[in-house]
Amino acid sequence: MAEEAFSQRTTTCGGLTKADAGKKVVLNGWVHRDRNHGALHFINLRDRYGITQVVVDDDASKELQETAAKLRMEFCIAVTGVVRLRPDTMVNLDMATGEVEVKAESIEILSKCLPLPFMIDGEAEPNEDLRLKYRFLDLRTQGMQERIKLRHEFIKAIREYFYRTDFYEIETPTLIKSTPEGARDFLVPSRFYPGKFFALPQSPQLYKQILMVGGFDKYFQIARCYRDEDARGDRQLEFTQLDMEMSFVKRDDVLELMEEMFNEVFMKVQNVQLPAHFRRITYHDSMNTYGNDKPDLRFGLEIHDLNDLATKSSFDMFKTTVENKGFVKGLCAPKTEGTNFSRKVIDALQDTAKIYGAKGLAWAKVGADNKLSGGVSKFFVGMEEELINEFDAKEGDLILMIAQEDWKKCCTSMGAVRSKLGKDLDLIKEGYEFCWIIDFPLFEFNEDENHWEAAHHMFSMPQAQYLDTLESDPGSVKGDLYDLVLNGYECASGSIRIHDVELQKKIFRICNIDDATAQEKFGFLLDAFKFGPPPHGGIAPGIDRMVMIMAQQTSIKEVIAFPKNTAACSPMDDSPSFVEQDQLEELHLKAIFPEKKSDK
RNA sequence: GAGGGCGUAGCGAAGCUGGUUAUCGCGACGGCCUGUCACGCCGUAGAUCGCGGGUUCGAUCCCCGUCGCUCUCGCCA
């Protein structure tokens, strides 16, 4: 069959300048907008590279004028014409190509476009589900074009760094063994083995460790990962990690390499100079000071330990909490321009605290002459100055306090209040604030199942000073673990790994996995560790989240070409979907439907 | 599993102490227009007010339920 004949572009819609005046060109693109003045007709033609104004002049042939009159938004067309300078008074400096225009000699309609389900000019933002249904149109918007480009540039810069520094890019399988712990696995049935399943990887963790045993001492991969958990603004069923691992390294080697890499990448992609080294904060300090393990350091509003002050107050609830080995923490919300700490505002803060497990949120307003008023101020009579000095509070500020017996809840609920205030009071500075969170606990106790489990994952190395007390006191063991945090988002997580069979088995046992189960589930790793495994460690930054932050978005859907929605489906292709009975039978599967919601 | 928000022409919004011919902008369709650039002007069509039930003489509006989306808690080693 003959190829469809169409005039193929000789340039793009972004590149024409004054220097091109007089040239005959062909442009291919979409009708972004057209302004038909009858005898004079302007068409903004758009492609990935920009927008160029095409003019159908009054001297155009009748055929050309008729074709131009038929154009509608988003028709895909080819324009043949001559570049010319715009008249002086008609130059549009808001357009990159605003000094020139193309006088059309002919226009071919390559394809028509139905009336649009939504405008793609970025003016009004349609409902997200509609955007996802018509993602091919949404992708044409300037915002999506820019974000997908940014993502490309980011990944490209990362690859350039790793290629130059002699890392190998190695792929690992996406059909792997399902292993216990962690998130819910996506399962893929095996046709050959009835009842057996592959899992999609939650991360290439074990494979990259085995690559280390395999002698590839510097590995990286842009890896797709899958976790079958509820989606969030910063979480999707599938997401992309920069996965990397190195042999013969210690923690600081990994941290410093990442610092160097992100310095280079942020300079290339954002033209931003990051600090040579990122601040390091221990998990414990981060929880105490910022109320979470992913602090947003773009603003202060630090949390203070108020146990001493609470004991001296006349507030029984505070005193009792401290006596019961609990915690009283607080922060001081500054009075800013336009701030009004009304009852309604305080109530909203209390609601926030409660969502995160606080029983209440005590408050007091700072008045003139070191006086407090409202809320719990009456319990601080006689020590008002002490409380005010603790925060160096000013008149009009609002002191907020939480008492909780559970340390973590006390921290996180206060932290949630801190985060809300940061946003509400507009305290957040522009820019990128990276930090490392280090010295994470290796284990946390699972109350429901009544055993210890890995706080991160089971392959992280305990810090040396805890090796003797691993089993006797798991709760106090800190690991060689580190997270990279950017602007309040956890952007990477890594560790130095265990490479000793006996130590690995010991960790499994502490996590309630006996030797037999460990051999069944992780035998391949344990076996590998019997054959001269190197000391190794690595990290895995989340690509989606980092691009999201760079693009100043709050949802990773904005930086993924084809994301799923919150309900874990894709409105565009309508997946997931039912499959034919034959397919199920071939896979030895039978669908069991829940009582309600039997079909949707 | 739980909570908050939203659901009104193709899209974005307004309306509602319960009575309207349900409003506006964009888009669509038809016409006019020689320098626009979010072109302008004139005209036309387009809405079971998410769905079901209840209260009421009367419901887009109030109540209950339900569905969908969205944000959050749980969950996410």
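In what follows, chains carry the letters A, B, and so on, assigned in the order in which the sequence lines appear, proteins first and then strands, with residues in each chain numbered from 1.
OP1 or OP2 of B:C73 has not a single side-chain nitrogen or oxygen of A:Lys354 nearer than 4.0 Å.
On a pure distance criterion of 3.5 Å, no polar donor-acceptor pair joins the side chain of A:Arg227 and the base of B:C76.
Within residues 124-134 of chain A, the residues that have a heavy atom under 4.0 Å from RNA chain B are, in order of number, A:Ala124, A:Glu125, A:Pro126, A:Asn127, A:Glu128, A:Asp129, A:Leu130.
A:Tyr356 comes within 4.0 angstrom of sugar-phosphate atoms only, judged by non-hydrogen atoms across all strands, and of no base.
A 3.5 Å limit on both hydrogen-bonding distances identifies no Watson-Crick or G-U partner for B:A45. If you check B:G1 for Watson-Crick or wobble pairing at under 3.5 angstrom, you find it paired to B:C73. A 3.5 Å limit on both hydrogen-bonding distances identifies B:C6 as the Watson-Crick or G-U partner of B:G68. Within the shown strands, nothing qualifies as a pairing partner of B:U60 under the Watson-Crick or G-U definition with both distances less than 3.5 Å.
In this structure, A:Arg33 forms no cation-pi arrangement with A:Phe42, as its terminal cationic atom is not both closer than 6.0 Å to the ring centre and no more than 45° off the ring axis.
B:U8 takes the anti form, because its glycosidic angle lies more than 90° either side of 0.
Comparing the P positions of B:G50 and B:A14 gives a spacing of 14 Å, expressed to the nearest Å. Between B:G3 and B:U66, the two P atoms lie 11 Å apart (nearest whole Å).
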Checklist entry - Reading nucleotides 28-41 of chain B from the 5' end, what letters show protein touch, with B for base, S for backbone sugar-phosphate only, - for no heavy atom under 4.0 Å? => result -SS--BBBBBBB--

Could you list the donor-acceptor pairs under 3.5 angstrom formed between side-chain atoms of residues 474-481 of chain A and any protein atom two or more places apart in sequence or on another chain?
unit_1, atom_1, unit_2, atom_2, d
A:Ser476, OG, A:Asp473, O, 3.2
A:Ser476, OG, A:Asp473, OD2, 2.7

